[in-house]
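Only one structure is covered here, and it is reproduced in the block below.
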Amino acid sequence: MEEKSTNFIEDIVETDLKAGKHTIIATRFPPEPNGYLHIGHAKSICLNFGLALKYGGKTNLRFDDTNPVTEETEYVENIKNDVRWLGFEWAEELYASDYFSQLYEFAMKLINKGLAYVDDSTSEEMAAQKGTPTVPGTNNPYRSRSIEENRKLFIEMKEGKYPDGSKVLRAKIDMGHVNMLLRDPVIYRIKHAHHHRTGDTWCVYPMYDFAHGQSDSIEKITHSICTLEFVPHRELYDWFIEKLEIFPSKQYEFARLNMSYTLMSKRKLLQLVNEKYVSGWDDPRMPTLSGARRRGYTAKAFRDFCDKIGVAKRDNLIDLSLLEFCVREHLNKIAERRMVVFDPLKIVITNYPEGKTEMLPSENNTEAENAGVREVPFGCELFIERDDFMENPPKKYFRLSPGGMVRLKSAFIIKCEEAIKDANGNIVELRCTYIPESRSGHDTSGVHVKGVIHWVSAAHAVNIEVRQYERLFNTEDMNAIEDDFKNHLNPHSLAVLNNVYAEPALINAKFGEHFQFLRMGYFCLDPDSSDTKLIFNRTVTLRDSK
RNA sequence: UGCCCGAUAGCUCAAUUGGCAGAGCGCCUGACUCUGGAUCAGGAGGUUCCAGGUUCGAGCCCUGGUCGGGCAACCA
């Protein structure tokens with residue numbers, strides 16, 4: 001293995017370890033269970049779990065479930081499944097909601113220290129009092145309520161005496177602070193809502209800023225790694241830890257992953273699902289891990305990809321082609337080869353005995369040592385790709401043309417004798433002859449051909465469905481658009497082909513297996529398949545230098 | 001006219017306490033009697049935004065500019 005240089009977060013960890021600040025490290029992956037994990041999360045997962053693996057330590061899986069309105073148990077289960085699929089195991093499965101009692105006590109502590117107060121203002125009033133980045137905010141009368149009154153009101157908030165939105169608990173910091181987030185941030189709000197884990201126990205819920213850092217601290221997380229948008233929150237994060245006098249977890253920020261032609265917003269992805277632009281969160285076109293898995297992307301490809309893109313603080317827009325490169329690189333090594341004809345053109349080998357079938361061995365994967373061979377049936381009637389024949393070929397065309405010769409992969413060299421057309425002039429069949437001495441592995445014909453094409457025996461071919469995917473969006477930078485993102489959907493993101501014929505070995509395909517259909521790309525079996533109909537998803541095409 | 005962050009090959013991104021600047025895509029060349037629009041191997045391509053400074057040595061540190069992005073949800 002080549003030495004991979006460290007990223008800036010690894011530098012921080014190494015420095016901390018060297019300085020004796022910690023002997024082991026603890027990280028956490030903190031998804032909010034309000035959607036499925038996507039490729040951007042994979043970067044965070046690889047970073048957090050990778051750090052603990054590399055330097056010795058643990059990673060907790062902690063669900064950031066402080067907003068009961070948007071969060072569901074279904075998401076929890078799928079997130080766990082996706083993290084495991086990526087190849088990581090967490091030390092503990094935890095929930096911010098596990099800490100609701102403790103968080104409530106933390107809030108009380110701030111009230112008792114005179115560092116929090118109950119505010120009756122409306123959100124509009126609060127926004128107006130907040131000022132702007134260059135104009136300081138103003139104090140309102142509620143800010144000077146007594147500790148006793150604040151304590152009484154907050155208890156009553158918890159007891160459900162006030163309706164949603166009527167009161168909030170705010171940290172009392174500084175309404176003129178240069179950092180807007182420290183202008184008395186809301187830390188608790190009233191929501192009479194059913195929580196996916198705590199049910200109806202609570203009607204006050206902590207805000208992110210009053211839950212995340214405290215949860216980190218309770219779990220003694222040493223390095224709390226999040227994305228750049230939380231940089232301004234770090235000051236608040238530290239303020240609460242200091243005032244609460246709890247374990248000093250530290251927050252570090254990296255640039256989130258953006259990918260070309262891809263959307264990472266869970267809100268928008270949910271919209272695509274709800275409004276049926278896709279078949280579900282696991283639609284193979286979705287950037288979700290479950291979608292990518294269904295499409296045939298491998299966990300290893302994702303880990304390699306995350307390794308390649310690195311971790312830095314610069315805003316980025318990673319080429320989708322880099323991910324595809326990682327997928328091909330892996331699949332090329334593990335996918336067994338099969339022959340499948342997508343747009344069949346019938347050919348008849350006129351000098352091959354009618355009704356005869358012979359089994360020809362074909363290697364499953366020349367890139368893998370022990371992939372072995374399989375037997376492919378050959379007969380006098382075959383299907384080849386319509387594209388592999390040209391009536392009037394250009395100069396450097398190495399495939400079939402009238403009078404031309406081509407090698408049938410793992411079989412014989414054939415020569416096209418005649419193209420038969422229908423009344424409209426469409427080619428419907430090719431009459432060919434084969435060279436018996438040219439059999440693969442036993443070729444004594446002395447004939448050299450440049451082209452090699454795939455084929456299937458018409459008598460043994462299996463009709464399958466193939467789903468070809470293209471990028472979901474046509475716009476490279478989906479973060480830069482101003483209009484409705486749905487205007488940028490690629491109308492050709494899914495193409496279903498039904499007139500597709502596969503060699504019989506494909507009948508035994510299993511879910512989770514990867515195949516390379518020779519010259520066509522990588523494919524895998526889709527769960528929509530039935531006993532009578534096999535459906536394959538195109539994971540990715542072969543590298544195409546057209 | 002406040003605070004925070006960034007600027008590296010044509011494009012998109014990496015670069016281990018300061019030590020010969022790397023990858024993918026794109027481009028070019030070569031190999032290959034069995035994927036020839038595939039696969040493999042190699043190549044070209046950089047004043048690391050600008051100007052100063054510290055240092056034996058700076059993409060990394062300091063100062064000042066320029067340009068770009070972010071910062072006011074009872075979301076996370």
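A cation-pi arrangement is absent between A/Lys313 and A/Phe254, since the terminal nitrogen or guanidinium carbon is not both under 6.0 Å from the aromatic centre and inside a 45° cone about the axis.
Atoms OH (A/Tyr142) and P (B/rC74) sit 16 Å apart, rounded to a whole Å.
The residue A/Lys450 sits close to a base: some heavy atom pair falls under 4.0 Å. Heavy atoms of A/Ile318 sit under 4.0 angstrom from primed sugar atoms or phosphate atoms, though from no base atom.
Using modelled atom types, no side-chain atom of A/His330 and backbone atom of A/Val327 make a donor-acceptor pair closer than 3.5 Å.
For B/rG6, the base has no donor-acceptor partner in the side chain of A/Asp315 [N/O atoms by modelled type, under 3.5 angstrom].
In summary, the aromatic rings of A/Phe473 and A/Tyr261 are positioned with their centroids too far apart to meet the 6.0 Å limit. Ring to ring, A/Tyr117 and A/Tyr142 are not that close: their centroids are 6.0 angstrom or more apart.
Stem analysis of RNA chain B (Watson-Crick or G-U pairs, both distances under 3.5 Å, runs of at least three) returns B:2-7 with B:66-71, B:10-13 with B:22-25, B:27-31 with B:39-43, B:49-53 with B:61-65.
Salt bridge A/Glu253/A/Arg234: present, at least one basic N to carboxylate O contact under 4.0 Å. With respect to the salt-bridge test (charged N to carboxylate O, under 4.0 angstrom), the residues A/Glu503 and A/Arg374 qualify.
Close to B/rC75, at under 4.0 Å from its OP1 or OP2, lies a side-chain N or O of A/Arg189.
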